[in-house]
Amino acid sequence: MPLIVQKYGGTSVGDLERIANVARKVAARKDEGNEIVVVVSAMAGETDRLLDLAKKIHPVPNEREVDVLVSTGEQVTVALLAITLESMGYKAKSYCGWQIPLQTDSSFGAARVTDVKKEAVLADLRNGTIVIVAGFQGIDADGNITTLGRGGSDTSAVAVAAGLKADRCEIFTDVDGVYTTDPNITSKARKIKAIAYEEMLEMASLGAKVLYIRAVEFAMRHRVPVVVRSSFNDNDGTLLTEENPEMEKESVSAVTCNMKEAKITLSGVADQPGVASQIFAPLAAANIVVDMIIQNSSADGKADLTFTVPEADLTKALEICRDIKNRLGASDLVGCNDIAKVSIIGLGMRSHAGVASTMFTALADEGINIQMISTSEIKISCVIQKKYAELAVRTLHDTFGLEKSRS
Ligand code: ASP
Ligand code: MG
């Protein structure tokens, strides 16, 4: 019998009526002759509500206790879904993370899955029971409840699918699948039928919001076939899978845009060994993730450095950089959040020549200035002024013919 793991998010289980709707979908798949494990999130808004309660007591509440608190959101929905399925005449049983157990490390609020035991769940499945698993939570080696970070139920679903060696993992969400670009920016955006793990990982880290990075990483590492599809219709969705020769035909598969970054320029630092490490070590120590970095050296032995950080960290990063500027005797420090990072992604880039120059020409033809460039084997990113972001996305989507590709 095929084993399918399905995941439903907070909106899909937002009230009893919606839970009944999920139960009907699950029951239909069970009736088709599948073994089913369902992973659910807390009811929409519940995790935020619980976090707010803790913050009313203390601005930085004890992190172990926060995980005990927020994990209750999912405990409610697994039980409600099991009760619903039982009342429809199906055998159903709920599991909290610790009951599986879904083993994690001890980083409360951002725990990583280390192992998923399969014996108990498989025994239930084999006697015809629908197993319902609380997303977002696990247990560490000391028996503490942990949570996997916001949006963590996607990761739970993929981890459970990997642990049980499921035939596929279906993530039900409020969009139809993965698109060639954000459909809110251009109506020409197309749903992608199949995308390689590597491409999806780039897309997730470059600003596409369909799937969380950690869930994609997990799927890629364990080669779990994942389908992203809508919980509101029966459309096919997008399959996340191994790369295949079909995928290489197009040079570019998707265009993404991230408006949530900022850039910092530190000019006139000495061009000598150790300078870059003196700049980036304090930023790393403050947990600030630096993305693109560009360094130019000039004839007078000085260098200018420009790099990007998350917009939310700009103030903190500038504070640290002011210190660095004084210490290194740099001539100038400027921060700017009027930027957008527009990227093209595609496995086909490895075998198609001239993709970068096509991108730069297309942007130039629209009068868009490129401030920074970074590349990997399967992506090219350009930092441009924020006001041109949507124009750039539409232009690149047209230039690389994404309207008619792979759908
Ligand atoms: N309930 C958790 C959250 O809101 C996990 C999830 O929804 O995936 O972040
Ligand atoms: Mg959620």
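Note that ligands are numbered from 1 as they come in the structure, with each ligand's atoms numbered from 1 the same way. Index from 1, following the sequence. Not measured: the values here are computed from a predicted model.
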Hey, are T147 and Q137 close enough side-chain-wise for a donor-acceptor pair under 3.5 Å? no
Distance-only side-chain donor-acceptor flag, N369 / Y388, under 3.5 Å: no
For E74, atoms of ligand 1 separated by under 4.0 Å from a heavy atom: 1 (N), 2 (C), 5 (C)
Any idea how F280 and F307 line up, ring-wise: parallel (<30°), tilted (30 to 60°), or perpendicular (>60°)? perpendicular
Any side-chain to backbone donor/acceptor pair from S231 onto S12? Under 3.5 Å, distance only. no
Considering only heavy atoms, does S153 approach ligand 1 within less than 4.0 Å through its side chain, its backbone, both, or neither? both
Does the cation-pi check pass for R214 over Y212, that is, NZ or CZ under 6.0 Å from the six-membered ring centre and within 45° of its axis? no
If you measure every N or O of K7 against every N or O of ligand 1, does any of those distances drop under 3.5 Å? no
Pairs of nitrogen or oxygen atoms closer than 3.5 Å, one from R150 and one from ligand 1: do any exist? yes
Hey, does G9 sit under 4.0 Å from ligand 1 if you only count heavy atoms? no
Could you tell me if any non-hydrogen atom of E46 lies under 4.0 Å from any atom of ligand 1? no
Side chains of S41 and E74 only: does a donor on one sit below 3.5 Å from an acceptor on the other? no
Any heavy atom of G135 closer to ligand 1 than 4.0 angstrom? no
Checking the N or O distance criterion of under 3.5 Å, is ligand 1 in contact with G149? no
